[in-house]
Amino acid sequence: MSGSNDHIDDSARRYGNDVTGEAKAAAIAAAARRLQSGKLVAVPTETVYGLAADSTNADAIANIYRTKGRPDFNPLIVHVPHLVAARKLGVFNQLAARLAECFWPGPLTIVVPKTPDCPVAPAVTAGLDSIALRCPAHLLMQELLKVSGLFLAAPSANKSGGISPTIAAHVTRSLGNDAPMILDGGPCHNGVESTIVAVRGNVCQILRPGPVTREELETALGKAVVITDSKNVAGDKKIESPGQLSSHYAPAKPVRLNAVNVATHEYHIGFGTINGHYNLSADSDLAEAASRLFAAMHLADNSSLSCIAVAPVPDKGIGTAINDRLTRAAS
Ligand code: TXA
Ligand code: MG
């Protein structure tokens, strides 16, 4: 047997996002049953697809690490339906609670100290005394959390180090035969992973840039936030956010950044007036560019051209998250 991922035929494991209310409810119920029995389900969120399991089930969590080929020092995010549920797992001081109130449900992950009786399997937090919590906004995911009654650990649903999935087909492509049932919620709205912040006392530190920008965090908190310098965290196991390794999101091909011009052997990902083979946003809209970034990288990786070149993207707002992912893809 190959882990607990049962191999069911394609028709049974894919659910269209435009199904009727009844079919949608049946798909969510089927996903909830699988999760309750310790199996994995690929789930849609507003950022990227996740590979979900019951966070309190050690065998199910081991299966996430196995399926992704993920190093076990890299902890997982736990998804919760609301702040009340989150407080069972993590200790929210005033600052952390303010962040949850301002940005949940939504693409913000908050790292807080674990509660003394936190029920998640030890492997979820990889031995840390903190836990990463997120309340996702995607309606299918919210419904699944409610119906299953579980706290769902879910990393992005791709092989470790690969490109994150923003449509169901990316999950199948990355996980292949290891892909479990996929709850298909259509293309992910934001397209890059959640912003991760750590709250320590009165300090809020951005560990991973994402859809919730530094400016939005500072406005909500009325003070400056600390930024992690990603150049200082590469490859070090004592790092603040272990997943922030310098090489990540890596296509199989070499990636060249800030490419205004392109060579004949390169697939050109464009932005604004630089069209390329695929333009992230002809209108220079950074939110649109973020939502199309991983799809562009999947297309470039699949093309017959041997290298990837990417046009410059402004480093402001969500552009910071885009450039963070591009830099890692090129490392
Ligand atoms: O948007 C997202 O966050 C997606 C969707 C599925 O929710 N999930 C996602 O998970 O991006 P993943 O596993 O690809 O990235 C989780 C990151 C990793 O970099 C990990 O190191 C960090 O969260 N993390 C988890 N627990 C942590 C903790 N206690 N302290 C610091 N970083 C933590
Ligand atoms: Mg990931």
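One-based numbering, in listed order, for ligands and for the atoms of each.
Scored by the side chain to side chain donor-acceptor pair (under 3.5 Å) test, Thr195 finds no partners at all (sequence neighbours excluded).
Counting heavy atoms under 4.0 Å from ligand 1, residue Met141 does not touch it at all. At a heavy-atom distance under 4.0 Å, only side-chain atoms of Ile196, from C-beta outward, approach ligand 1. Contacts with ligand 1 closer than 4.0 Å are made by backbone heavy atoms (N, CA, C, O) of Ala154 only, the side chain lying farther away.
A side-chain donor from one of Arg208 and Ser194 sits under 3.5 Å from a side-chain acceptor of the other. A donor and an acceptor atom, one from each side chain of Ser281 and Asp283, are nowhere located under 3.5 Å apart. Using a 3.5 Å distance cut-off with no hydrogens or angles, the side chains of Ser164 and Glu193 do pair a donor with an acceptor.
Those atoms of ligand 1 with a heavy atom of Thr47 less than 4.0 angstrom away are 1 (O), 2 (C), 4 (C), 5 (C). Applying the 4.0 Å criterion to heavy atoms of Glu193 picks out, from ligand 1, the atoms 1 (O), 2 (C), 11 (O). Of all the atoms in ligand 1, the ones that sit under 4.0 Å from a non-hydrogen atom of Ile77 are 3 (O), 8 (N), 9 (C), 10 (O), 16 (C), 23 (O). In summary, the atoms of ligand 1 found under 4.0 Å from a heavy atom of Pro155, numbered by their order in the structure, are 10 (O), 12 (P), 13 (O). Close approach of ligand 1 to Leu128 (heavy-atom distance below 4.0 Å) involves ligand atoms 28 (C), 29 (N), 30 (N). For ligand 1, the atoms lying closer than 4.0 Å to a non-hydrogen atom of Ser130 are 28 (C), 29 (N), 30 (N). The contact set between ligand 1 and Ser194, taken as ligand atoms under 4.0 Å from a residue heavy atom, comprises 1 (O), 2 (C), 3 (O). Residue Asn74 has at least one heavy-atom neighbour below 4.0 Å for each of these atoms of ligand 1: 18 (C), 20 (C), 21 (O).
Where the criterion is an N or O separation shorter than 3.5 Å, residue side chain and backbone included, His79 meets it with respect to ligand 1. For ligand 1, the polar-atom distance check against Lys68 finds no nitrogen or oxygen pair separated by under 3.5 Å. Backbone and side-chain nitrogen or oxygen atoms of Ser156 are examined, and one is located within less than 3.5 angstrom of a nitrogen or oxygen of ligand 1. For ligand 1, none of its N or O atoms has an N or O atom of Tyr49 under 3.5 Å away.
Under the 3.5 Å distance criterion, the side-chain polar atoms of Ser55 are matched with a main-chain donor or acceptor of Phe151. Remark: the backbone N or O of Lys39 is not paired with any side-chain donor or acceptor of Asn63 at under 3.5 angstrom. A donor-acceptor contact shorter than 3.5 Å links the side chain of Asp301 to the backbone of Ala252.
One finds a salt bridge joining Glu46 and Arg134 here, because a Lys/Arg side-chain nitrogen approaches an Asp/Glu carboxylate oxygen to under 4.0 Å. Salt bridge Lys316/Glu215: absent, no basic N to carboxylate O contact under 4.0 Å. Between Lys159 and Asp178 there is a salt bridge, since a side-chain N of the basic residue sits under 4.0 Å from a carboxylate O of the acidic one.
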Mind listing the side-chain donor-acceptor pairs of residues 98-105 below 3.5 Å, one per line with the distance, residues two or more places apart or on another chain?
{"from": "Arg98", "atom 1": "NE", "to": "Ala220", "atom 2": "O", "distance (Å)": "2.8"}
{"from": "Arg98", "atom 1": "NH2", "to": "Ala220", "atom 2": "O", "distance (Å)": "3.0"}
{"from": "Trp104", "atom 1": "NE1", "to": "Leu108", "atom 2": "O", "distance (Å)": "2.9"}

Donor-acceptor contacts, no H, no angles, side chain residues 81-90, under 3.5 Å, sequence neighbours left out:
{"from": "His82", "atom 1": "ND1", "to": "Ala85", "atom 2": "N", "distance (Å)": "3.2"}
{"from": "Arg87", "atom 1": "NH1", "to": "Phe92", "atom 2": "O", "distance (Å)": "3.4"}

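By the 4.0 Å heavy-atom criterion, Val111 is counted among the residues contacting ligand 1.
Screening Ile28, Asp184, Val43 for a side-chain contact (heavy atoms from CB on, under 4.5 Å) with Leu140, the sole residue that qualifies is Ile28.
With a cut-off of 2.8 Å, the protein N/O/S atoms near the Mg ion (ligand 2) add up to 1.
Minimum heavy-atom separation, Ala31 to Val41: O-CG2, 3.8 Å.
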